[in-house]
Amino acid sequence: MSRSAHPAGPRHADVLPEGHYSAPAADLNVLDEKVWSRTVTRDADGALTVGGIAVARLAEEFGTPAYFLDESDFRARCRAWADAFGPDADVFYAGKAFLSRAVVRWLKEEGLNLDVCSGGELTTALDAGMPAERIAFHGNNKTVAEIERAVEAGVGRIVLDSFQEIVRVAHIAQRHGVRQRVQIRVTVGVEAHTHEFIATAHEDQKFGIALADGQAAEAVRRALALDGLELIGVHSHIGSQIFDMAGFEVSARRVVQLLAEIRDEHGVELPEIDLGGGLGIAYTSDDDPREPHEIAKALSDIVGRECEAAKLRTPRISVEPGRAIVGPTAFTLYEVGTIKPLEGLRTYVSVDGGMSDNIRTALYDAEYSVALVSRTSDAEPMLVRVVGKHCESGDIVVKDAFLPADLAPGDLIAVPATGAYCRSMASNYNHALRPPVVAVRDGEARVIVRRETEEDLLRLDVG
Ligand SMILES: *Cc1c(COP(=O)(O)O)cnc(C)c1O
């Protein structure tokens with residue numbers, strides 16, 4: 001990453017404070033297409049438009065803060081993933097990134113499968129008509145009631161995450177007189193994040209069954225012995241926001257080695273492997289994500305090579321992108337409320353949302369971009385920190401970025417790439433009303449998740 005602690009330009013500082021930020025773009029009015037959804041552009045007046053609709057109109061009709069989701073971009077990304085992996089592999093969208101009934105219908109129409117990891121996500125998926133056989137059920141502590149519902153619904157696979165769950169799912173399946181298709185989630189000792197991966201000691205986590213010490217082999221032994229289970233494969237998910245394929249390479253090699261051991265011990269070749277999700281997207285201009293076809297080729301090359309070496313039939317591969325599909329398709333629109341310049345430091349720009357609609361900056365130190373979108377400006381860039389309206393000094397939306405120095409209360413600013421893990425992690429902190437998600441497509445905007453109201457808050461408050 002090309003980071004500079006002392007870029008030139010901003011008005012409020014002769015010497016910029018230490019920070020993790022790039023120099024300002026040459027022209028702040030230019031929208032970097034890497035971080036914005038596909039139909040985003042500026043109109044003749046300089047206002048940002050998405051799906052052909054200007055943000056001022058969107059703000060007027062739907063209010064701020066709000067998430068605007070570029071439906072045609074979402075659908076195009078689904079198709080790109082499905083096409084890249086082809087008919088001999090399966091793409092499961094990870095619903096936890098963002099799930100609603102509209103999203104489920106788009107996934108269904110575009111030929112994707114769906115991962116869920118709670119009863120609530122399962123209900124949403126089934127209610128919107130996703131065929132149960134296209135649903136995979138994940139989670140390290142699924143309740144008995146959740147497993148019952150998944151088995152009754154006939155989900156295509158349950159990903160077993162612990163020794164207890166192997167027995168639990170087998171019993172429930174038997175009680176229902178079915179053989180439940182399952183995978184076993186293994187922790188391969190690799191953890192990957194963004195630009196680096198670490199290939200030691202990452203069994204130290206709550207998910208999955210460790211390959212080390214023969215734990216995974218023992219889990220396979222137990223699963224194969226239970227009538228209620230049809231073991232179809234092994235699952236591995238190594239991290240999030242990954243750009244480097246090296247972690248997947250190690251993971252795929254270890255998973256294939258396990259398949260070879262299973263064949264040697266039990267005489268069965270499991271037909272599937274799932275390599276999880278975690279593929280990175282561009283949050284800032286410094287991020288360079290890979291295209292689905294590059295990822296598909298890299299993964300199938302690795303698996304093919306390892307299987308050939310182990311003399312195994314190549315298993316069917318599945319992947320589970322969440323962020324890589326929905327992340328880039330939405331932005332959050334905010335109105336600027338107050339502006340507080342701190343001479344020699346930075347300018348705090350407060351917006352009408354915050355950590356209740358985007359917890360990722362506070363939670364993971366995530367980086368985001370921001371742009372003035374209700375107009376263009378020729379003013380100098382100024383170093384800003386975009387903060388929310390909550391009672392926490394850690395309530396930061398964008399830690400370090402540049403906005404034009406003539407920014408004023410009432411301006412609309414937008415944070416791109418907020419489609420994943422923003423609305424789905426949104427909270428009611430300070431009794432904030434969670435923002436709506438508005439799908440925009442071909443000049444039409446429609447609410448797919450409505451804004452919460454104060455009545456919604458009071459309805460839960462039954463005391
Ligand atoms: C979170 C998760 C995913 C999706 O991760 P992304 O970073 O959104 O691609 C996929 N599979 C599993 C098991 C997960 O827990």
side-chain contact (heavy atoms from CB on, under 4.5 Å) evaluation trace for Trp36 with Val50: CA-CA 10 Å; Trp36 294 92; Val50 57; over 6 Å; no

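- Separating the OG1 atom in Thr361 from the NZ atom in Lys399 is a distance of 8.5 Å, to the nearest 0.5 Å.
- Environment of CZ in Arg79: crowded, with over 12 heavy atoms of neighbouring residues, nucleotides or ligands closer than 6.0 Å.
- The shortest heavy-atom contact between Gly119 and Glu146 is N-OE2, 2.8 Å.
- Using modelled atom types, one side-chain atom of Asp244 and one backbone atom of Ala246 make a donor-acceptor pair closer than 3.5 Å.
- Atom CD of Glu444 is surrounded by 12 or fewer heavy atoms from other residues, nucleotides or ligands within 6.0 Å.
- In this structure, Asp395 contributes its side chain and Lys389 its backbone to a donor-acceptor pair below 3.5 Å.
- Looking at heavy atoms from C-beta onward, Pro321 lies in side-chain contact with Val319 at the 4.5 angstrom threshold.
- When all heavy atoms of Phe98 and Ser424 are compared, the closest pair comes out as CA-CB, 4.2 Å.
- No donor-acceptor distance shorter than 3.5 angstrom exists from the side chain of Ser236 to the backbone of Ser251, with no hydrogens or angles considered.
- Annotation: ring-ring contact (aromatic ring centres under 6.0 Å, His included) contacts of His237 (sequence neighbours excluded): none.
- Panel note: side chain Thr39, backbone Gly51; a donor-acceptor pair is recorded below 3.5 Å.
- Using cut-offs of 30° and 60° for the angle between ring planes, the Phe68 and Phe331 rings count as tilted.
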Derivation and outcome, side-chain contact (heavy atoms from CB on, under 4.5 Å), residues Asp274 and Arg157: CA-CA 11 Å; Asp274 190 307; Arg157 63 181 62 165; 3.7 Å; yes

Using side-chain contact (heavy atoms from CB on, under 4.5 Å), reason through Thr123 and Arg149 one step at a time and then give a plain yes or no. CA-CA 9 Å; Thr123 298; Arg149 275 168 56 203; 2.3 Å; yes

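- Considering only residues two or more places apart in sequence or on other chains, Tyr283 meets the ring-ring contact (aromatic ring centres under 6.0 Å, His included) condition with Tyr368.
- For residues 161-171, the set of pairs meeting the salt bridge (charged side-chain N to carboxylate O under 4.0 Å, His left out) definition, not counting sequence neighbours, comprises Lys142-Glu165.
- Proximity of Ile317 to Ser300: side-chain heavy atoms (C-beta onward) are separated by under 4.5 Å at one or more points.
- With salt bridges taken as basic N to acidic carboxylate O contacts below 4.0 Å, none links Arg434 and Asp456.
- Evaluated for a side chain to side chain donor-acceptor pair (under 3.5 Å) with Lys34, the options Asp288, Asp287, Thr284 yield exactly one hit, Asp288.
- Rounded to the nearest 0.5 Å, atoms CG (Leu58) and OG1 (Thr64) are 11.5 Å apart.
- You'll find the side chain of Val103 stays beyond 4.5 Å of the side chain of Val437, heavy atoms only.
- Counting only distance, with no hydrogens or angles, the side chain of Asn113 and the backbone of Ile135 share no donor-acceptor pair below 3.5 Å.
- Taking 4.0 Å as the cut-off between side-chain N and carboxylate O, Glu265 and Arg221 count as a salt-bridged pair.
- Under a 3.5 Å cut-off, the side chain of Arg441 and the backbone N or O of Glu71 do not form any donor-acceptor pair.
- By the 6.0 Å contact criterion, CD on Glu218 is enclosed, its count of non-hydrogen atoms from other residues, nucleotides or ligands being greater than 12.
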Please step through side-chain contact (heavy atoms from CB on, under 4.5 Å) for the pair Cys78 and Ile325, ending with a clear verdict. CA-CA 7 Å; Cys78 289; Ile325 291 177; 4.0 Å; yes

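- Using a distance-only test at 3.5 Å, with no hydrogens or angles considered, a donor-acceptor pair links the side chain of Arg263 to the main chain of Lys311.
- A salt bridge links Arg385 with Asp400: the closest approach of a Lys/Arg side-chain nitrogen to an acidic carboxylate oxygen falls below 4.0 angstrom.
- Contact check for Ser427 versus Ile359: no side-chain heavy atoms found under the 4.5 Å cut-off.
- Pairing each heavy atom of Ala82 with each of Leu112, the nearest pair is CB-CD1, 3.8 Å.
- Looking only at side-chain heavy atoms (C-beta outward), Leu279 and Pro289 stay at 4.5 Å or farther from each other.
- Closest heavy-atom contact between Ser369 and Val398: O-CG2, 4.0 Å.
- In this view, Glu121 satisfies the salt bridge (Lys or Arg N to Asp or Glu O under 4.0 Å) rule with no residue, not counting sequence neighbours.
- Scanning all heavy atoms of the two residues, the minimum distance from Phe248 to Ile238 falls at N-CD1, 3.6 Å.
- Across Arg75, Arg134, Arg77, a single residue satisfies salt bridge (Lys or Arg N to Asp or Glu O under 4.0 Å) together with Glu110, and that is Arg75.
- Residues Tyr67 and Asp357 meet the side-chain proximity criterion, which asks for heavy atoms closer than 4.5 Å.
- Annotation: the span from Arg179 atom CZ to Leu229 atom CG amounts to 8.0 Å, rounded to 0.5 Å.
- Between Glu109 and Arg105, no side-chain nitrogen of the basic residue sits less than 4.0 Å from a carboxylate oxygen of the acidic one, so the salt-bridge criterion is not met.
- Between the CG atom of Leu231 and the NE2 atom of His266 there is a distance of 9.0 Å, given to the nearest 0.5 Å.
- Residue pairs meeting the salt bridge (charged side-chain N to carboxylate O under 4.0 Å, His left out) criterion with at least one partner in residues 317-327, sequence neighbours excluded, do not occur; the list is empty.
- Contact check for Lys108 versus Pro131: side-chain heavy atoms found under the 4.5 Å cut-off.
- For Arg38, the side-chain hydrogen bond (donor to acceptor under 3.5 Å, both in side chains) partners two or more places apart in sequence, or in a different chain, are Asp73.
- Between Thr187 and Gly208, the closest heavy-atom pair is CG2-CA, 4.1 Å.
- Other residues, nucleotides and ligands contribute over 12 non-hydrogen atoms within 6.0 Å of the CD atom of Glu152.
- Here the CD1 atom belonging to Ile172 is positioned 8.0 Å from the CD1 atom belonging to Ile158, to the nearest 0.5 angstrom.
- The distance from atom CD1 of Ile273 to atom SG of Cys307, rounded to the nearest 0.5 Å, is 6.5 Å.
- A heavy-atom distance below 4.5 Å is not found between the side chains of Asp90 and Phe85.
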